[in-house]
Peer 1: 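Okay, handing you the structure first.
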Amino acid sequence: MISIKDEIAKILDDKITGLSYEEILDIIEIPADPKMGDYAFPCFRLAKQFKKAPQMIAEEIKGDIESADIFEKTENVNAYINMFISKEYFIKNVLSEVAKKQEKYGSSDIGAGKKVIVEYSSPNIAKPFHIGHIRSTVIGNSIYKIQEFLGYDTVRINHLGDYGTQFGKMIVAYRKWGNEEDVVKEPIKTLLSYYVKFHDEAEKNPELEDEARKTFVKLENGEPEETELWKWFREESLKEFTRVYEMLGIEFDSYAGESFYSDKMDRVVKELEDRNLLKDSNGAKIVDLEEYGLTPALIKKSDGSTLYITRDIAAAIYRKEHYDFYKNIYVVASQQNLHFQQWFKVVELMGYEWAKDCVHIPFGLVSLEDGTMSTRSGRVVFLEDVLKRAVLKTREVILERGVNTDIADDISKKVGIGAVIFQELSNNRIKDYTFSWEKVLNFEGETGPYVQYTHARAASILRNSEKEFDTALKEIDDTDFSYLTGEASYMLAKLIYGFPDVVKESGERYEPSIITRYIVDVAQMFNRFYHDEHILVDDEKERKAKLLLVFAAMETIRNGLGLLGIEAPDRM
RNA sequence: GCCCUUGUAGCUCAGUGGAUAGAGCAAUGCUCUCCUAAAGCAUGUUAGCGGAGGUUCGACUCCUCUCAAGGGCACCA
């Protein structure tokens, strides 16, 4: 696709002395109101340099460029040079590009040959997968998809919380009160009940804590019995997590969790010692970070055991050596900001220049209407329940609308789950929010179902005129795009044109909501076009041109939804 | 006490220096003999962007101070 902005920059660069091509490119903007043009070049910045009033400069430059054939017209308004692009030229440019790229439209190869690791989801074994976990899971998945679309080689890592003293507790509790059948039947719930019981009992009988610690040491030392139990807990938990991942359509390349690094931590401690970074403090070993304005990083407890900061450092080193990443991304709650700042700094002090390539992508907190979530007190909303209810609600709506029952199941899954994901990815990830059933089950306005519905409408039109659309695609060079210069169709084409930049921006900022917002805009504009203009008109040339626009809108929405991890059903 | 984040319409949120600050929800009215009404259209002197200073030709956007809410601050992860 021809970059219109580049074309304009070239034209301006020929006429303006004293500004580089890049500077010009940087100044060109898109006016807030399309009535003011497709692109604008504000001249205020040039006033000092040229020692002239901005209005005059604008007038002169305008005179120099107005004859260029990509412009329909140019205007000078309050020192802005407003440029109107020739509509047919513009539309042809965009629609040809979408027709050529199709499911690849919006993608890029800027990441070619570079490896990006995305760590996300990372639930704790034997603990419920609740609504709080949706954030890392869904945001991380979308970030992975966006990076991949930008051409990066990606590795998806689920850094399971499968290690630590808690497993000593679990093993002790299981041996005391557990039973195999219950665990197999309902692993998470059962294991959690053991865990809760352990804490209750430990209050009366503190020796249990000791026993748990000793048991964890046995596990660390690879004692067969403990290892066997631990493996079993892990597998049973994973089965349950996998069920949710399947519903969400999420996969991982690696489930190397905390336990995977258990034998890789001595090396970290040794390197820290060799570099004289470790200090004794109240019997514990720390890295003092005071001169960087951070509290100390606790590497080893006074009892000699390690902490998760050490595991994260070991994991990062392993990943660098094993994958040689270009970026190492952690999609983890903002509560852990300090933790990441600390260990990124420690890795830097260890002399690893790649410390700068590690990025923490924080996100805000989810709370419930009656307060923060608490597993122990039962104040928790299970993610699986949310997904199931969304699917059920969708099914009701579908049946009301008289959709064929044999496709109802498939569609209600795609739409229901899509609604939940879409909602999650609608706002800037840093915002906190309160979970509400009413909100997650609302399907009107700026929601997933709205966008999917728009896509289904477009798909339906193309289905109804399949053969004609095929020939329109083949004969795209002969298309008369003047039929698409109406307000809604031209604005729609302009929006579609912006998709590749939107993908890049959301990739650079690790912000999926940019795409969510954008596809809502595309859907809104498509719906306006759909109402304003009849698409399957009698005139063949007009019909073909319109079909190409419908196709471009549909592809853009479909590709955008794909980047969010949401399916785009062809009918609903 | 220190550090981080957030504070924009009744509600939920967009808007990472540029032209009169935008959506959705909620409210009222209208549009299905016409490509799917999970849609579209119209109606708000709806907020001057928590507050005060400053930088800039220009600030919701950058800086300083301040208020409020959330999170974090060593042997949990």
Peer 1: How is A/A40 classified with respect to the nucleic acid when contacts are heavy atoms under 4.0 Å: base, sugar-phosphate, or nothing?
Peer 2: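 Since a base atom lies under 4.0 Å of A/A40, the category is base.
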Peer 1: Classify the glycosidic conformation of B/C4 as syn or anti, calling it syn when the angle lies within 90° of 0.
Peer 2: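 That one's anti.
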Peer 1: Check every strand shown and say whether A/I430 touches a base, only sugar-phosphate, or nothing at a heavy-atom separation below 4.0 Å.
Peer 2: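 Sugar-phosphate: the residue A/I430, judged by heavy atoms under 4.0 Å, touches backbone atoms but no base.
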Peer 1: Report which part of the nucleic acid A/D26 touches: base, sugar-phosphate, or nothing (heavy-atom distance under 4.0 Å, all strands).
Peer 2: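 No contact at all - A/D26 keeps every heavy atom at 4.0 Å or more from the nucleic acid.
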Peer 1: Taking the P atom of each, how far is B/G44 from B/C4, in whole Å?
Peer 2: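 Nearest-Å result for B/G44 against B/C4 at atom P: 44 Å.
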Peer 1: Rounded off to whole Å, could you give me the CD-to-C1' distance for the A/E75 and B/A19 pair?
Peer 2: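 In whole Å, B/A19 C1' and A/E75 CD are 13 Å from each other.
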Peer 1: Find out whether the Lys NZ or Arg CZ of A/K48 is both under 6.0 angstrom from the six-membered ring centre of A/F44 and within 45° of the ring's axis.
Peer 2: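 No, A/K48 does not lie over the aromatic ring of A/F44.
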Peer 1: State whether A/N442 places a side-chain N or O below 4.0 Å from either non-bridging phosphate oxygen (OP1 or OP2) of B/U12.
Peer 2: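 Negative; the distance criterion is not met.
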Peer 1: Figure out the NZ/C1' separation between A/K285 and B/C75, and round it to whole Å.
Peer 2: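 Atom-to-atom, A/K285 to B/C75, this comes out as 13 Å.
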Peer 1: Go through B/C13, B/C75, B/C35 for me and flag the one nearest to the A/K301 side chain.
Peer 2: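 Between B/C13, B/C75, B/C35, the one nearest the side chain of A/K301 would be B/C75.
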Peer 1: Angle between ring planes, A/F344 versus A/Y330, binned at 30° and 60°: parallel, tilted or perpendicular?
Peer 2: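 The rings of A/F344 and A/Y330 sit tilted, inter-plane angle from 30° to 60°.
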Peer 1: Which part of the nucleic acid does A/Q452 contact within heavy-atom distance under 4.0 Å: base, sugar-phosphate only, or nothing?
Peer 2: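 Here A/Q452 touches no strand at all.
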Peer 1: Using Watson-Crick or G-U wobble geometry with both distances under 3.5 Å, which nucleotide pairs with B/C32?
Peer 2: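 Base partner found: none.
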Peer 1: Looking at A/F443, is A/K393 sitting on its ring face, NZ or CZ under 6.0 Å from the six-membered ring centre and within 45 degrees of the normal?
Peer 2: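 Output yes; distance and angle both within limits.
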Peer 1: Taking only the side-chain heavy atoms of A/H531 (C-beta and beyond), determine which of B/U36, B/A39, B/C35 contains the nearest atom.
Peer 2: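 Closest of the options to the side chain of A/H531: B/A39.
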Peer 1: Are A/F216 and A/F167 close enough, and set up right, to give a ring pair (Phe, Tyr, Trp, His ring centres under 6.0 Å), and what steps lead you there?
Peer 2: CA-CA 7 Å; A/F216 178 59; A/F167 288 94; 8.1 Å; no
Peer 1: Measure from CZ on A/R45 to C1' on B/C57 and round the result to the nearest Å.
Peer 2: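 Nearest whole value for this atom pair: 12 Å.
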Peer 1: So what does A/Y450 hit on the nucleic acid, given a heavy-atom distance under 4.0 Å: a base, only sugar-phosphate, or nothing?
Peer 2: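 Since only primed, P, OP1 and OP2 atoms lie under 4.0 Å of A/Y450, the category is sugar-phosphate.
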Peer 1: Using a 4.0 Å heavy-atom cut-off, does A/A456 contact any base of the nucleic acid, only the sugar-phosphate backbone, or nothing at all?
Peer 2: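 Since a base atom lies under 4.0 Å of A/A456, the category is base.
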Peer 1: Salt bridge check, A/E75 against A/K62: does any charged N sit closer than 4.0 Å to a carboxylate O?
Peer 2: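 Salt bridge flag = no for A/E75 with A/K62.
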Peer 1: Please tell me which of the listed nucleotides, B/A19, B/C13, B/A77, lies nearest to the side chain of A/E258?
Peer 2: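 Out of B/A19, B/C13, B/A77, the nucleotide with an atom closest to A/E258's side chain is B/A77.
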Peer 1: Describe the nucleic acid contact of A/D303 in one word from base, sugar-phosphate, nothing, applying a heavy-atom distance below 4.0 Å.
Peer 2: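 Here A/D303 touches no strand at all.
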Peer 1: Need one value for A/R571: base, sugar-phosphate or nothing, where a base atom within 4.0 Å counts as base even if backbone is also close, heavy atoms only.
Peer 2: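 Contact class for A/R571: base.
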Peer 1: Report which part of the nucleic acid A/L307 touches: base, sugar-phosphate, or nothing (heavy-atom distance under 4.0 Å, all strands).
Peer 2: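 A/L307: backbone/sugar contact only, no base atoms under 4.0 Å.
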Peer 1: Taking only the P atom of each, what is the distance from B/U61 to B/A21 in whole angstrom?
Peer 2: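 Result for the P pair: 15 Å, nearest Å.
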Peer 1: If the C1' atom of B/G1 is compared with that of B/C11, how far apart are they to the nearest Å?
Peer 2: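 B/G1 and B/C11 have their C1' atoms separated by 36 Å.
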Peer 1: The side chain of A/D432 is closest to which nucleotide in this list: B/C35, B/G70, B/A77?
Peer 2: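 Nearest to the side-chain atoms of A/D432, counting from C-beta on, is B/G70.
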Peer 1: Test for a donor-acceptor pair under 3.5 Å between the base of B/A39 and the side chain of A/T454, counting only N and O atoms.
Peer 2: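 Looking at the base of B/A39, it does not pair with any donor or acceptor on the side chain of A/T454 (distance under 3.5 Å).
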Peer 1: Would a line drawn from the ring center of A/Y194 to the ring center of A/H199 be shorter than 6.0 Å?
Peer 2: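 No, they do not, as the ring centres are separated by 6.0 Å or more.
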Peer 1: In terms of side-chain heavy atoms of A/L338, which of B/C75, B/C73, B/A14 is nearest?
Peer 2: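 Nearest nucleotide to the side chain: B/C73.
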Peer 1: Please report, rounded to the nearest Å, how far the P atom of B/C13 is from the CD atom of A/E424.
Peer 2: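 In whole Å, B/C13 P and A/E424 CD are 12 Å from each other.
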Peer 1: Taking OP1 and OP2 of B/U12, is either one under 4.0 Å from a side-chain nitrogen or oxygen of A/K439?
Peer 2: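 Checking A/K439 against B/U12: no side-chain N or O falls below 4.0 Å of OP1 or OP2.
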Peer 1: Between A/Q341 (CD) and B/G71 (P), how many Å, whole number?
Peer 2: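 Between P of B/G71 and CD of A/Q341: 18 Å.
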Peer 1: In whole angstrom, give the distance that lies between atom CZ of A/R429 and atom P of B/U5.
Peer 2: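 Nearest whole value for this atom pair: 12 Å.
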Peer 1: In whole Å, I'd like the distance from the OH atom of A/Y433 to the C1' atom of B/G71.
Peer 2: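 Distance check: A/Y433 OH to B/G71 C1' gives 16 Å.
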Peer 1: With a centroid cutoff of 5.5 Å and a plane-angle limit of 30°, would you call A/H534 stacked on B/C34?
Peer 2: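 Not stacked by the 5.5 Å and 30° rule.
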Peer 1: For the base of B/A77, is there a side-chain donor-acceptor partner from A/D312 under 3.5 Å away?
Peer 2: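 Not at all, since no donor on one side and acceptor on the other fall under 3.5 Å apart.
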Peer 1: Where does B/G48 land, syn or anti, once you apply the within-90°-of-0 test for syn?
Peer 2: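 B/G48: syn glycosidic orientation.
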Peer 1: Is A/R311 near enough to B/A77 that one of its side-chain N or O atoms lies under 4.0 angstrom from OP1 or OP2?
Peer 2: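 Yes.
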Peer 1: Which part of the nucleic acid does A/P54 contact within heavy-atom distance under 4.0 Å: base, sugar-phosphate only, or nothing?
Peer 2: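 Contact class for A/P54: none.
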Peer 1: Look at all strands and tell whether A/I461 reaches a base, only sugar-phosphate, or nothing, counting heavy atoms closer than 4.0 Å.
Peer 2: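 Sugar-phosphate: the residue A/I461, judged by heavy atoms under 4.0 Å, touches backbone atoms but no base.
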Peer 1: Within the structure shown, what part of the strands sits under 4.0 Å from A/E290 by heavy-atom distance: base, sugar-phosphate, or nothing?
Peer 2: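 No contact.
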Peer 1: With A/T137 as reference, evaluate A/S142, A/S122, A/S121 under the side chain to side chain donor-acceptor pair (under 3.5 Å) test and give the passing residue.
Peer 2: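 Answer to the side chain to side chain donor-acceptor pair (under 3.5 Å) test with A/T137 among A/S142, A/S122, A/S121: A/S121.
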Peer 1: Does B/C62 have a Watson-Crick or wobble partner in any strand here, with both distances under 3.5 angstrom, and which is it?
Peer 2: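 Across all strands, the one nucleotide that pairs with B/C62 is B/G54.
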Peer 1: With both distances kept under 3.5 Å, what pairs with B/A27, Watson-Crick or G-U wobble?
Peer 2: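 Result: B/U43.
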Peer 1: Which one, B/C4, B/A74, B/A14, comes nearest to the side chain of A/N337?
Peer 2: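 When the side chain of A/N337 is considered, B/C4 is the closest of B/C4, B/A74, B/A14.
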Peer 1: In the structure shown, which nucleotide is the Watson-Crick or G-U wobble counterpart of B/C49, with both distances under 3.5 Å?
Peer 2: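 Base-paired to nothing in any strand shown.
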Peer 1: Nearest nucleotide by nearest heavy atom, which residue falls closer to the 5' end of RNA chain B, A/N124 or A/T434?
Peer 2: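 Closer to the 5' end of RNA chain B: A/T434.
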Peer 1: When you measure from the side chain of A/E29, which nucleotide among B/A77, B/G24, B/A19 comes out closest?
Peer 2: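 Looking only at heavy atoms from C-beta outward on A/E29, the closest nucleotide is B/A19.
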Peer 1: Compare the minimum distances between each of B/U36, B/A23, B/A19 and the side chain of A/Y453, then state the nucleotide with the smallest one.
Peer 2: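 The answer is B/U36, which lies nearest to the side chain.
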Peer 1: Roughly, in whole Å, what's the span from CZ in A/F344 to C1' in B/C3?
Peer 2: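 Interatomic distance, CZ of A/F344 to C1' of B/C3: 17 Å.
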Peer 1: For B/G1, which nucleotide in any strand shown is its Watson-Crick or wobble partner with both distances under 3.5 Å?
Peer 2: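 Partner of B/G1: B/C73.
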Peer 1: Please determine, for the side chain of A/K431, which listed nucleotide (B/U6, B/A77, B/U36) has the closest atom?
Peer 2: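 Among B/U6, B/A77, B/U36, the one nearest the side chain of A/K431 is B/U6.
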Peer 1: Can you tell me which nucleotide in B/A77, B/G40, B/A19 comes closest to the side chain of A/N527?
Peer 2: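 Closest nucleotide among those given: B/G40.
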Peer 1: For A/E444 and for A/V77, find the nucleotide of RNA chain B with the closest heavy atom, then tell me which residue's nucleotide is more 5'.
Peer 2: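 Between the two, 5'-proximity favours A/V77.
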Peer 1: Under 6.0 Å from the ring centre and within 45 degrees of the ring axis: does the NZ or CZ of A/K345 meet both conditions for the six-membered ring of A/Y292?
Peer 2: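 Output yes; distance and angle both within limits.
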Peer 1: Quick check: A/F260 with A/Y318 (ring centres under 6.0 Å apart)?
Peer 2: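 For A/Y318 and A/F260, the ring centres are under 6.0 Å apart.
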Peer 1: Any side-chain N or O of A/R517 below 4.0 angstrom from OP1/OP2 of B/G22?
Peer 2: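 For A/R517, the contact criterion (side-chain N or O under 4.0 Å from OP1 or OP2 of B/G22) is not met.
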Peer 1: Which is true for A/L294 with a 4.0 Å heavy-atom rule: it touches a base, it touches only sugar-phosphate, or it touches nothing?
Peer 2: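 Nothing, no heavy atom under 4.0 Å.
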Peer 1: Looking only at side-chain N and O atoms, does A/N427 come under 4.0 Å of OP1 or OP2 in B/U12?
Peer 2: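 For B/U12, neither OP1 nor OP2 has a side-chain N or O of A/N427 closer than 4.0 Å.
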Peer 1: How would you label the contact of A/S465 with the nucleic acid (heavy atoms, under 4.0 Å): base, sugar-phosphate, or nothing?
Peer 2: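 No contact at all - A/S465 keeps every heavy atom at 4.0 Å or more from the nucleic acid.
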Peer 1: For A/R543, is there an ion pair with A/D539 - N to carboxylate O distance below 4.0 angstrom?
Peer 2: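 Not counted as a salt bridge, because no side-chain N and carboxylate O are separated by less than 4.0 Å.
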Peer 1: Within the structure, does a side-chain N or O atom of A/S460 lie under 4.0 Å from either OP1 or OP2 of B/C35?
Peer 2: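 Looking at the OP1 and OP2 atoms of B/C35, neither is under 4.0 Å from any side-chain N or O of A/S460.
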